[in-house]
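Structure, as C-alpha cells:
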Amino acid sequence: MSSRFTSSSIERYNDFSRLNPAIVGWHVHVKVLRRFHTDDYISKGGLGLLLVDDKGNQIEALICSPLTSHYSTFIEEDEFYTIMNFRVVENSGFTKLTRSDFKIMFYDGTIVKEASSFSQDDYIVATPFGAIFNGYHDTSYLITLVGRVVESSDLTNVTDEPSVIGGYRYSFTIEDQEKKTLKCCAYGGVAIECHDRFRNVIGTDVTCVLRWWKVYQLLDGWRHVRIYSHPPYSKILVQSDADNVEHS
C-alpha cells in the first residue's frame, strides 16, 4: 500500500472557507464529488477533483502530471479522504466548478489518507431559470439545473464513424415548476447517457438534474441562451438520484 494512502485517526481539520495562499500546513477532510481528467495548457494530462467538506463547502483540486498516475490509482468518486501538504492557489480560468476564491494543488509532498465518512449530505443547489433569463448568472461558473425534460431530438453523430464518441449530439428542452424552459445540448458520452436515461421520462413528471453544465449566450438578450454539457465535468441525474435538491 502506498505511503500516501493510510487509515486516518481522529484529528482536527480545516474548513475550505478558511483556506488562503498566505498560510501553509492545511489539513482537510473531504468527500470526492467528481473526478475527471484535464487537458488544458496548464494541467495537460492532469487529474481534477471536486471536493466537499463536512460544512458543505466545495473546492476544486488539481493534480498535475506526472503525479496523476499515482493518485489516480486510489482516489475515487464518493469516497472520503484527508489531505495535507498541498498548495492553495487562485481559482482562475474561463470555467469554474465552484465559487471558492481558491483551488487546491497537489505536489510531490501531498499526503492523502483514507478517511471515515461524515454526515454532510451532498445537497444539490440548483440555479433558478429566472436568474439565467434575467442575466444574474455569471457564465464563468458551471451550474446545476433541475426540471423535467419536455422534448428532445434524436441522438446524432456529426462524424461518419459511430465509434467516435465525441461526435455524438443530443438536444432537449428542460422545464421548471414555473413552466420556464431552457434548450440544452449534450456532447459525446454525456449525449449518449442523456438519450438513454431521458427517453423513458420525456413529458412525465420525473425530475431530472443537470450538474455542472455551461450557460452560453447566442444572441443579445438573456432569453437567447443555451445550456451545454461541458466536458469533462458535466453529469446527469434522474429522480431517485436527485432526492437532495435545494434551489439557490
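Bear in mind that the values here come from a model prediction, so they are computed numbers and not experimental data.
- At distances below 3.5 Å, not a single donor-acceptor pair connects side-chain atoms of Tyr81 with backbone N or O atoms of Val28.
- Counting all heavy atoms, side chain and backbone alike, Ile165 lies closest to Gly189 at CG2-N, 3.5 Å.
- The aromatic rings of His27 and Tyr13 sit perpendicular, their planes meeting at an angle over 60°, well past the 30° parallel limit.
- Between Arg148 atom CZ and Ile174 atom CD1 the span is 10.5 Å, to the nearest 0.5 Å.
- For Gly25 against Asn14, the heavy-atom pair with the smallest separation is O-OD1, 4.3 Å.
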- Task: Mind running side-chain contact (heavy atoms from CB on, under 4.5 Å) on Val32 and Leu51 for me, showing each step along the way?
- Result: CA-CA 5 Å; Val32 179; Leu51 309 174; 3.8 Å; yes

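- A chain of hydrophobic side-chain contacts below 4.5 Å, direct or via other Ile, Leu, Val, Met, Phe, Trp or Tyr residues, connects Ile83 to Ile23.
- Between Phe86 and Val88, the shortest heavy-atom distance links the atoms CE1-CG2, 3.9 Å.
- In this structure, Arg34 is not positioned above the aromatic face of Tyr233 in the sense of NZ or CZ being under 6.0 Å from the six-membered ring centre and within 45° of the axis.
- Within the model, atoms CG of Asn157 and CZ of Arg169 stand 8.0 Å from one another, a figure rounded to the nearest 0.5 Å.
- A pairwise comparison of heavy atoms in Tyr107 and Asn85 identifies CE2-O, 3.1 Å as the closest pair.
- Going from atom CD of Glu60 over to atom NZ of Lys96 covers 10.5 Å, rounded to the nearest 0.5 Å.
- Counting heavy atoms from C-beta outward, Leu145 and Ile132 have side chains that approach closer than 4.5 Å.
- Taken from CZ in Arg211 to CD1 in Ile143, the straight-line distance is 12.5 Å, to the nearest 0.5 Å.
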- Under the side-chain hydrogen bond (donor to acceptor under 3.5 Å, both in side chains) rule, what do Ser140 and Asp138 come out as? Steps first, then yes or no, please. CA-CA 6 Å; Ser140 65; Asp138 183 340; 2.9 Å; yes

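- In this structure, the side chain of Ser229 engages the main chain of Tyr187 through a donor-acceptor pair within 3.5 Å.
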- Could you walk me through whether Phe118 and His29 pass the side-chain contact (heavy atoms from CB on, under 4.5 Å) check? CA-CA 9 Å; Phe118 46 73; His29 185 192; 3.6 Å; yes

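- By the rule that hydrophobic residues join a cluster once side-chain heavy atoms approach within less than 4.5 Å of another member, Val164 and Ile192 end up as members of separate clusters.
- Ring pair Phe172/Tyr170: centre-to-centre distance below 6.0 Å.
- Taking the side chain as every heavy atom from C-beta outward, Leu67 and Thr110 never approach each other to under 4.5 Å.
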- Message: The test is side-chain contact (heavy atoms from CB on, under 4.5 Å); show your working for Ser92 and Lys103 and say whether it passes.
- Response: CA-CA 9 Å; Ser92 59; Lys103 292 182 182 179; 5.7 Å; no

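- Annotation: side chain of Val190 is in contact with side chain of Trp213 (closest heavy-atom distance under 4.5 Å).
- Defined by atom type and a distance below 3.5 Å, a donor-acceptor pair is present between the side-chain atoms of Thr173 and Glu151.
- Shortest non-hydrogen contact noted between Arg197 and Val238 is NH2-CG2, 3.1 Å.
- In this structure, NZ on Lys214 lies 3.5 Å from OG1 on Thr95, to the nearest 0.5 angstrom.
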- Task: Check the pair Cys208, Phe198 against side-chain contact (heavy atoms from CB on, under 4.5 Å), reporting the backbone distance first and the verdict last.
- Result: CA-CA 8 Å; Cys208 300; Phe198 290 167; 3.8 Å; yes

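- Distance alone, capped at 3.5 Å, is enough to place a donor-acceptor pair between the Ser234 side chain and the Trp212 backbone.
- Environment of NZ in Lys183: sparse, with no more than 12 heavy atoms of neighbouring residues, nucleotides or ligands closer than 6.0 Å.
- Residue Asn20 qualifies as enclosed at atom CG: its count of foreign heavy atoms under 6.0 Å is above 12.
- Grouping the Ile, Leu, Val, Met, Phe, Trp and Tyr side chains by contacts below 4.5 angstrom, directly or via other members, places Val146 apart from Tyr141.
- Side-chain contact between Arg18 and Trp26: present, with at least one pair of heavy atoms (C-beta onward) separated by less than 4.5 Å.
- A heavy-atom distance below 4.5 Å is found between the side chains of His230 and Tyr216.
- At least one donor-acceptor pair closer than 3.5 Å links the side chain of Glu77 to the backbone N or O of Arg35.
- Atom CZ of Phe74 sits about 12.5 Å away from atom CD of Glu79, to the nearest 0.5 Å.
- The cluster map of Ile, Leu, Val, Met, Phe, Trp and Tyr, joined by side-chain heavy atoms under 4.5 Å apart, puts Val150 and Leu237 in different clusters.
- Using modelled atom types, no side-chain atom of Asp53 and backbone atom of Asp15 make a donor-acceptor pair closer than 3.5 Å.
- No side-chain donor-acceptor contact under 3.5 Å links His195 to the backbone of Thr156.
- In this structure the side chain of Ile227 reaches within 4.5 angstrom of the side chain of Val215, judged on heavy atoms.
- Proximity of Phe106 to Leu47: side-chain heavy atoms (C-beta onward) are nowhere separated by under 4.5 Å.
- A side-chain donor-acceptor contact under 3.5 Å links Ser153 to the backbone of Ser171.
- Counting all heavy atoms, side chain and backbone alike, Cys194 lies closest to Ala186 at SG-CB, 4.0 Å.
- Residues Tyr71 and Leu49 are not in side-chain contact: their nearest non-hydrogen atoms beyond the backbone lie 4.5 Å or more apart.
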